[in-house]
Structures are given as structure tokens and as C-alpha cells.
Amino acid sequence: PRCIYLRSVIRAVPYQSEESGLIQAGAAPDFDGRTTLLGKRTYSGTAGILYRVRSAIVDAMGNRTSEVYRYCVKHRGQAIPDQGAQRQATPIAHTALEFFPDDKGNKLKIPGGLLLHRVDTTFFKGDLANKLSIAPGDPGAFHLHSNDNGELNQYAREMCAEVWSDEEQAWINPHQRDNHFWDCEY
């Protein structure tokens, strides 16, 4: 069965560092669950270092677009709607949104508007693949947590769902496997 949960990743990125560490990878059944994850706001890393959640990037495409936009309006400044595109002129672009679709496809006005972040998935997935090839002790490494309870098993499966296709010059999911954590991480 396909995933009906909202995948989320909380990653610590120290100030002015290319390295990052996975704090938590999980799934919430709804946006209230995601708010609970973000609501904690501070996570403790190794050596007692505290990391604050500064923002959340939320995938706005798929079958929950109107829910995502409502969530991002409600958590304006903390939750940022995001749309991936296989190719675009710049790695990151922004689109001002004034309306979003309701459940019936009608346009609803967004109070105060909303800024949609559009990202070049080919660029950022390539960057992520490069980071994953860096040895854990080397600068710029992509760190995971200890996986004491085996919670990274699903994470690892989803991180391996896509492969680079030289023929298509794009990341593809040849077996149509869940790839939600891969999408969270790029």
C-alpha cells in the first residue's frame, strides 16, 4: 500500500556548516501530528548541543495541496510550501500565490498571499547524492543517528528508491517505490 502519512525529517544544520545530522525521521497521519513534531522546536544532539527548529518545508504538490497551503498560512513564517520541478532556470525560484484550490477545485483567496518555493529537483538530488558519498568523518558529511531501535529501516529503503538515469538526465524511480524520505532530504 502507498503511504498515506506525511513523512518528515528533522535535520540539524550547524551555523555556517556543510554538514548536517539527522535528528528524527518519521511520519505523521495528519497536519496536527506534523505540528506536534515541529512544536517541540528544540532537539538535543550529541554532546548536549541544542538545535532549534527554524522552519519547515512542506511539499505542496500531490493530492493535499489545499491542506498544505492552509497549514502554511496558519504557520506563516515557519512552514514554507514547496514544489519540486525536474528542471528550471535557477536552483530555487519563488512564486507569489494569491489563490489556492479548495476540495472542489474552486479558487480561494489566500489572506495576505503565500510564497511558494520552487526547487530544481535534479540540482538538489544530485547535491544530496554527492553528500551521501562523503565519508562520515570528512567535512560536509551527511550524518544519521544511531538507529538503536531500527527506525531507519524504512528511511533507508526510501532513500534508495531513486536512481540517476544518464539516458533521461534525471532522477527516476524505476520501481515506483515510496521515496518520501528522499524527497524530504533533498
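For the pair Leu22 and Val9, the minimum side-chain heavy-atom distance is below 4.5 Å.
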Requested in this report: Report the C-alpha distance between Ile110 and Val73 in whole Å, list the side-chain angles of each, state the deciding distance to 0.1 Å, and finish with yes or no for side-chain contact (heavy atoms from CB on, under 4.5 Å).
Outcome: CA-CA 8 Å; Ile110 300 173; Val73 167; 3.5 Å; yes
Query - Glu158 and Arg7: CA distance, side-chain angles, deciding distance, salt bridge (Lys or Arg N to Asp or Glu O under 4.0 Å) verdict - result: CA-CA 11 Å; Glu158 292 185 21; Arg7 292 285 200 267; 2.4 Å; yes
Query raised in the report: Run the side-chain contact (heavy atoms from CB on, under 4.5 Å) check on Val53 and Gln78 step by step: do they pass?
Result: CA-CA 9 Å; Val53 174; Gln78 183 182 4; 4.3 Å; yes
Requested in this report: Test Glu18 against Lys131 for salt bridge (Lys or Arg N to Asp or Glu O under 4.0 Å), laying out the working first.
Outcome: CA-CA 9 Å; Glu18 286 291 318; Lys131 284 190 176 297; 3.2 Å; yes
Report task. Determine, step by step, whether Tyr71 and Val58 satisfy the side-chain contact (heavy atoms from CB on, under 4.5 Å) criterion, reporting the C-alpha distance in whole Å, the side-chain angles of both residues, the deciding distance to 0.1 Å, and the verdict. Result -> CA-CA 9 Å; Tyr71 180 81; Val58 185; 4.2 Å; yes
Report task. Go through the steps for Ile172 and Val163 under the test side-chain contact (heavy atoms from CB on, under 4.5 Å), then give the verdict. Result -> CA-CA 6 Å; Ile172 61 170; Val163 296; 4.0 Å; yes
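Remark: the backbone N or O of His143 is paired with a side-chain donor or acceptor of Arg11 at under 3.5 angstrom. The closest donor-acceptor contact from the side chain of Asp178 to the backbone of His180 lies at 3.5 Å or more, if one exists at all. Under the 3.5 Å distance criterion, the side-chain polar atoms of Thr121 are matched with a main-chain donor or acceptor of Ala85.
Tracing side-chain contacts under 4.5 Å through hydrophobic residues (I, L, V, M, F, W, Y), one reaches Val119 starting from Trp182; they form part of the same cluster. Hydrophobic clustering of Ile, Leu, Val, Met, Phe, Trp and Tyr side chains at less than 4.5 Å, counting indirect connections, keeps Phe181 apart from Met61. Taken together through direct or relayed side-chain contacts under 4.5 Å among Ile, Leu, Val, Met, Phe, Trp and Tyr, Ile10 and Tyr51 form part of one hydrophobic cluster. Residue Ile57 is not grouped with residue Leu115 when hydrophobic side chains (ILVMFWY) are merged at heavy-atom distances under 4.5 angstrom, including chains of intermediate members.
More than 12 heavy-atom neighbours from other residues, nucleotides or ligands sit within 6.0 angstrom of NZ on Lys109. For CD of Gln86, the number of neighbouring non-hydrogen atoms (other residues, nucleotides, ligands) closer than 6.0 Å is greater than 12.
Between the side chains of His117 and Gln83, not a single donor N or O lies within less than 3.5 Å of an accepting N or O. A donor-acceptor contact closer than 3.5 angstrom links the side chains of Asn179 and Glu162.
Here the CG-CZ distance, from Leu108 to Phe100, works out to 5.0 Å after rounding to the nearest 0.5 Å. Expressed to the nearest 0.5 Å, how far CG of Leu97 lies from OH of Tyr69 amounts to 4.5 Å. For the atom pair CD1 (Ile134) and CZ (Phe142), the distance works out to 10.5 Å, reported to the nearest 0.5 Å. Atom NE2 of residue His94 and atom CD1 of residue Ile80 lie 8.0 Å apart, to the nearest 0.5 angstrom. Residue Cys72 holds its SG atom at 6.0 Å from CG of Leu114, rounded to the nearest 0.5 Å. Considering CH2 of Trp164 and CH2 of Trp171, their distance stands at 7.5 Å, rounded to 0.5 Å.
Contact detail for Asn147 and Leu152: the closest heavy-atom pair is OD1-N, 2.8 Å. Nearest heavy atoms, Asp166 versus Gln169: O-NE2, 2.8 Å. Residues Leu128 and Met159 share a closest heavy-atom pair of CD2-CE, 4.3 Å. Between Ala79 and Pro81 the shortest heavy-atom distance is O-CD, 4.0 Å. A pairwise comparison of heavy atoms in Gln88 and Pro91 identifies NE2-O, 3.6 Å as the closest pair. Nearest heavy-atom pair across Ala161 and Pro174 is O-CD, 3.8 Å.
By the 4.0 Å N-to-carboxylate-O rule, Lys125 lies close enough to Asp183 to be salt-bridged with it.
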